[in-house]
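Since we're looking at a predicted model, the values are computed, not measured. Atoms considered below: every heavy atom in the structure, side chains included; atoms not considered: hydrogens, waters and symmetry mates.
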Amino acid sequence: MEIVASVVSLLVVEGGKFVYRSISSRIRSCWHGERMGDAADSHIKVAELIPCPSIRGHTTASQTMARILKLLHDDKVQRLGIWGMGGVGKSYLVKNLNNKLSRPSSSRKPFSLIIWATVSKTTSSQELDLKNLQTKIANRLNVKEEETVERTAIQLSKRLRKEKFLLILDDVWEAINLDHVGIPRPQKKSGSKIILTSRSLDVCRTMMTDVEVKVEVLTDEEAWKLFKHQVGKEADLQNIKPLAKTVCNECGRLPLALITVGSAMRRKKKVGLWEDVINELRMSRPSIHGIEPNLYSSLKLSYDSLQNKMLKSCFLYCCLYPEDYSILISELVECWWAEGLIGKQLPYHAALNRGIALIESLKDSCLLETGDSDNSIKMHDVVRDVAIWISTCAGPESKFLVQANIGMTEISEVELRSNLERVSFVSSSIETLSDQEMECPNVISLFLQCNSLLHNIPENFLRGFRAVKVMNLGGTQIRTLPISLLHLRDLRALLLRGCNHLEELPPLGCLTKLDILDLHDTSIKHLPEGMDQLTNLRKLDLSYTLNLEFVRPEMVSNLTSLEFLDMTGSSYWWLVKQRPPLLSFEIYFQEGHTENRATLEDLQSLQRLSVLHLSLHDTVKAFEESDVYWIGRLKTFQCSMSLSYSPRDIQRLTRSSEKALIGRDLSGDSLEWFMSHATSLAFDDCCNLHEILENVVINRVECFTNMKILTLKDAMLNEGSNAQFDLLPNLEELYLDNIEKIKSMSILADRLGLSFPRLKTLVVTGCNELENLFYLGGRITSLPKLSQIKVDTCAHLNELFRHIAGSAKEHAAVPKLRAARLNGLPRLQCLCRREESWQSLVELEVVRCPSLKKLPFRTTNGNSIKEIRGDAHWWGKVQWDTDDIKLCLDQHFVKII
């Protein structure tokens with residue numbers, strides 16, 4: 001009986017297990033989207049797990065993941081682009097996303113089908129790429145491929161339309177026509193989504209992504225954690241840790257670099273080995289195991305994928321500058337222009353625009369990034385290393401010598417090989433140059449700038465650089481240049497910016513191909529002989545030449561190709577022809593040169609001139625007594641003036657003024673003319689500003705479309721008439737300094753009818769009666785282009801943006817704001833209304849604002865923030881809606897007090 005009971009019991013248990021397995025199997029079948037009666041699809045899983053390290057504990061990656069998951073639940077987002085530089089961890093991120101969606105915490109799957117496909121870039125034709133991608137998707141769906149791409153596309157499309165699918169396309173290098181592959185366009189009602197990863201923002205845009213999420217490099221803390229994990233416990237040894245930290249920093253917080261270099265240094269305990277790897281990383285081609293095949297070759301693919309040879313050449317050119325160096329965009333583009341990289345025949349403005357477009361393409365490909373200011377760019381440290389590797393030793397482009405910022409005192413003749421085309425010794429502490437002739441007949445760019453200990457260019461040094469087109473000696477202490485300069489007959493750009501000891505140049509008349517001459521902040525007293533023969537000169541920068549006393553008329557009027565003349569802050573003041581000097585300082589400037597002196601009228605013959613910055617004495621008389629119709633054809637016109645200052649005052653004012661007009665009592669038609677033609681205008685200590693504005697508002701029948709920059713300083717703004725239309729529709733920058741009797745900038749806006757559709761920069765200082773920046777509603781509902789705000793020392797300011805009751809809620813006050821600096825605002829309590837968040841903010845600084853307890857941050861915009869600066873006491877008092885927001889932002893806080 002006991003035996004029978006045991007058998008029955010066993011049968012019951014095993015039978016129960018069988019039933020359980022059957023039920024579980026059926027549940028799993030439903031779970032994985034299997035369908036009754038569809039044998040071909042009977043074993044399709046919702047998703048397949050992809051082996052990869054977890055992002056758990058990686059704050060930056062986790063935040064990006066959280067944002068992506070939120071966007072996947074947004075019905076407005078059907079196509080999502082994830083982009084970033086090579087090696088930053090895009091694939092690593094979406095693999096974790098795939099695995100997370102494969103194991104949802106709830107019983108409901110967000111997608112009935114998840115497809116992962118890496119897009120191959122190794123095939124040579126688009127059809128093969130499509131075929132390869134079709135094969136991967138067809139295998140995932142158990143769909144039989146047809147004979148042609150087109151017929152297979154029909155089958156894939158038919159199959160996918162039955163599913164709520166998520167398609168992840170990893171490593172997309174160029175736009176793919178998804179219709180040709182057979183991928184139906186996701187619709188809101190279907191719930192299907194497409195995610196693609198790419199190194200290029202332009203690829204995302206071309207594929208019509210609804211939102212693009214940029215994957216950033218790691219924080220310093222995360223980088224060190226990852227690096228230590230690769231190296232092992234040796235990274236924390238007392239004698240190794242400082243060296244390991246240095247090696248980690250050299251990897252530029254790039255995950256692929258940290259993994260590659262960290263693995264190469266795993267469990268190494270000898271100090272000498274660590275010192276050696278530091279030296280290797282600072283070389284153009286480090287001999288570290290795995291660097292070339294794993295890191296450099298991976299990043300070189302971004303270079304290889306650039307559209308044309310011109311873009312590649314422009315990219316490599318950037319590595320001539322030192323590590324972590326902010327390169328002025330205008331300087332870089334001018335070098336490209338002078339070399340002929342971007343079209344030698346383009347006019348200056350067209351070349352500048354073309355250069356900016358190329359820079360944006362390189363930024364979209366993650367090969368360049370914004371520098372310390374909006375008008376500069378940088379290369380990521382590792383990207384620069386790869387560029388140097390390519391340009392010095394990895395192929396036919398290897399004709400560079402880059403020795404920037406390496407602390408050498410003199411140049412070795414051995415280094416200057418005859419096949420070199422571009423040579424850079426920027427910021428290298430060079431004190432002396434050889435007086436031997438260097439045989440470098442192919443060098444076309446020679447960079448020696450920022451060697452502050454260099455006092456002399458020997459006569460024979462330049463003779464070997466016969467083909468040089470761009471030579472930069474800026475920031476050195478040279479007092480003159482050798483006669484051998486005149487042998488450089490192909491020279492197109494001579495850049496001497498910041499050579500403040502330079503007093504004279506040799507005659508330049510034989511350098512007939514010269515396009516650009518930059519003498520900014522030099523000590524020259526007169527222009528060099530032969531200037532009138534430089535008929536191809538297109539840009540002349542004489543800004544802040546504080547010792548420049550005399551310019552002959554023919555040295556201006558004969559420069560028939562001149563497009564750009566900048567004399568901002570120069571001590572040379574332009575007068576009107578045939579008018580005797582009226583004031584003592586004019587006599588001072590004209591002493592000994594009363595007749596043969598360039599005047600305002602001598603600029604008339606320059607038919608190609610499009611950019612003009614200069615200083616005038618007594619602008620009102622100048623524009624009443626001379627025919628200046630020709631200024632109307634300029635694209636940019638800036639002018640500084642004074643009425644009754646001494647020579648020393650003039651030097652001081654013109655050196656410190658960044659804007660267009662300095663004066664005390666301005667009125668009449670001349671001011672009207674100025675406001676119509678100037679792109680930048682400043683009213684500094686104008687006692688009758690109220691009358692000026694009143695006159696403009698009442699009498700003006702059309703707007704000042706050229707005006708882009710307006711400065712009001714040390715003035716009183718009384719109530720008065722309001723304009724009926726926007727007088728400054730193209731205003732981009734507005735500066736207010738110590739303006740009295742103004743409680744809101746909306747008062748100024750009403751006076752001039754301003755709606756600020758293009759305002760990008762706003763700086764307000766010392767306006768102690770100001771209570772808020774703007775009332776929003778009515779004419780001004782938002783500031784759609786505003787990207788920078790600085791508000792300093794406004795004692796009564798309690799709110800930045802106040803919304804008029806009943807105004808439209810859908811308008812964000814500052815949707816494009818990237819940087820905000822707030823200082824000395826003791827009553828400031830509110831930045832914007834509670835429900836609004838600053839989605840684009842990257843940088844915030846808060847100093848001496850003790851009443852500010854709320855910030856406009858949500859989890860949705862935490863990913864954009866890079867740095868919050870302030871004092872620790874204030875930061876500790878900030879109130880948060882959730883602990884997650886505080887945790888998210890704590891890592892970006894930098895204590896400054």
Side-chain angles (χ1 to χ4, degrees), residues 373-374 656-662 680-686 689-690 693 707-719 727-728 731-776 779-780 782-803 813-832 838 841 843-852 855-856 869-870:
S373 61
D374 288 340
S656 63
S657 173
E658 297 177 357
K659 306 299 176 284
L661 188 64
I662 303 171
S680 174
L681 194 64
F683 295 92
D684 187 343
D685 195 17
C686 292
L689 179 62
H690 168 70
L693 295 182
M707 188 75 65
K708 294 185 178 180
I709 305 172
L710 176 64
T711 298
L712 303 179
K713 182 177 181 181
D714 296 330
M716 188 178 295
L717 194 64
N718 299 313
E719 295 184 4
L727 291 174
L728 305 173
L731 193 68
E732 295 181 0
E733 300 179 26
L734 178 60
Y735 300 83
L736 297 186
D737 186 358
N738 192 26
I739 305 299
E740 298 179 25
K741 292 192 175 181
I742 180 171
K743 293 189 176 182
S744 173
M745 289 178 56
S746 291
I747 295 172
L748 173 65
D750 290 339
R751 289 291 302 275
L752 299 177
L754 308 180
S755 56
F756 302 112
R758 291 179 172 81
L759 188 68
K760 297 178 182 178
T761 300
L762 174 63
V763 178
V764 181
T765 305
C767 298
N768 285 320
E769 297 179 47
L770 202 68
E771 295 178 356
N772 62 72
L773 291 185
F774 289 103
Y775 291 110
L776 296 179
R779 179 191 292 111
I780 307 174
S782 70
L783 301 165
K785 300 291 186 181
L786 190 64
S787 62
Q788 297 182 75
I789 293 177
K790 180 180 179 181
V791 187
D792 196 338
T793 318
C794 297
H796 288 83
L797 188 79
N798 57 65
E799 190 173 7
L800 293 189
F801 305 105
R802 178 171 297 175
H803 291 263
V814 282
K816 297 294 180 65
L817 187 68
R818 290 179 54 83
R821 293 174 175 81
L822 310 172
N823 189 354
L825 312 173
R827 297 190 182 184
L828 180 65
Q829 298 181 14
C830 180
L831 302 183
C832 59
W838 290 356
L841 196 70
E843 180 183 350
L844 174 66
E845 179 176 294
V846 179
V847 180
R848 297 187 298 130
C849 302
S851 302
L852 184 62
L855 298 176
R869 297 188 298 274

- [ ] Evaluate side chain to side chain contact (heavy atoms under 4.5 Å, CB included) for T761 paired with K790, printing each intermediate quantity in order.
- [x] CA-CA 8 Å; T761 300; K790 180 180 179 181; over 6 Å; no
Open item on the list: So R869 and R821, do their side chains get closer than 4.5 Å, heavy atoms only?
Closed with: yes
TODO: Could you tell me which residues satisfy side chain to side chain donor-acceptor pair (under 3.5 Å) with R758, sequence neighbours excluded, listed by chain and number?
DONE: N730
Open item on the list: side chain to side chain contact (heavy atoms under 4.5 Å, CB included) for K760 and S787? Distances and angles first, verdict last.
Closed with: CA-CA 5 Å; K760 297 178 182 178; S787 62; 4.2 Å; yes
Open item on the list: For E732, give me all partners under side chain to side chain donor-acceptor pair (under 3.5 Å), at least two apart in sequence or on another chain.
Closed with: none
Task: Residue pair L770, I742: steps toward the side chain to side chain contact (heavy atoms under 4.5 Å, CB included) verdict - done: CA-CA 6 Å; L770 202 68; I742 180 171; 4.2 Å; yes
- [ ] Might you point out which heavy atoms bring L825 and T793 nearest each other, and give the distance in Å?
- [x] CD2-N, 4.0 Å
Task: Minimal non-hydrogen separation, A819 against L817, with atom names - done: O-CD1, 3.7 Å
Task: Atom of S744, atom of L773 and distance for their closest heavy-atom approach - done: OG-O, 3.4 Å
Open item on the list: Restricting to non-hydrogen atoms, name the atom on K713 and the atom on I739 that form the minimum distance, rounded to 0.1 Å.
Closed with: N-CD1, 3.9 Å
Task: Sequence-distant partners of Y775, ring-ring contact (aromatic ring centres under 6.0 Å, His included), two or more places apart - done: none
Task: Interatomic spacing from CG in D714 to CG in N738 - rounded to 0.5 Å - done: 4.5 Å
TODO: Sequence neighbours left out, what passes side-chain contact (heavy atoms from CB on, under 4.5 Å) with E771? Give chain and number order.
DONE: K743, N798
Open item on the list: Determine whether a donor-acceptor pair (N or O, by modelled atom type, separation under 3.5 Å) exists between the side chain of S851 and the backbone of P826.
Closed with: yes
Task: Distance-minimising heavy-atom pair for P757 and P784 - done: O-CG, 3.7 Å
Task: Taking every non-hydrogen atom, the tightest pair across C849 and N823 - done: SG-N, 4.2 Å
Exercise answer: donor-acceptor pairs, residues 747-755 side-chain atoms, under 3.5 Å, sequence neighbours excluded:
from : atom 1 : to   : atom 2 : distance (Å)
D750 : OD1    : R779 : NH1    : 2.9
R751 : NE     : S721 : O      : 3.1
R751 : NH1    : N718 : O      : 2.5
R751 : NH2    : E694 : OE1    : 3.3
S755 : OG     : D726 : OD2    : 3.1

Task: Single hit among N772, V814, I780 for side chain to side chain contact (heavy atoms under 4.5 Å, CB included) with F801 - done: V814
TODO: Output the distance between atom NZ (K816) and atom CG (L759), rounded to the nearest 0.5 Å.
DONE: 13.5 Å
Open item on the list: Distance check, rounded to the nearest 0.5 Å: Y735 atom OH versus L712 atom CG?
Closed with: 12.5 Å
Task: Trace of the side chain to side chain contact (heavy atoms under 4.5 Å, CB included) decision for L855 with L831 - done: CA-CA 7 Å; L855 298 176; L831 302 183; 4.1 Å; yes
Task: Approximate separation, where rounding is to 0.5 Å, of E740 CD and E769 CD - done: 6.5 Å
Open item on the list: Test of understanding: with side chain to side chain donor-acceptor pair (under 3.5 Å), list the residues that count as partners of N768, not counting sequence neighbours.
Closed with: none
Open item on the list: If you define the side chain from C-beta out and look only at heavy atoms, does anything of L762 sit under 4.5 Å from F756?
Closed with: no
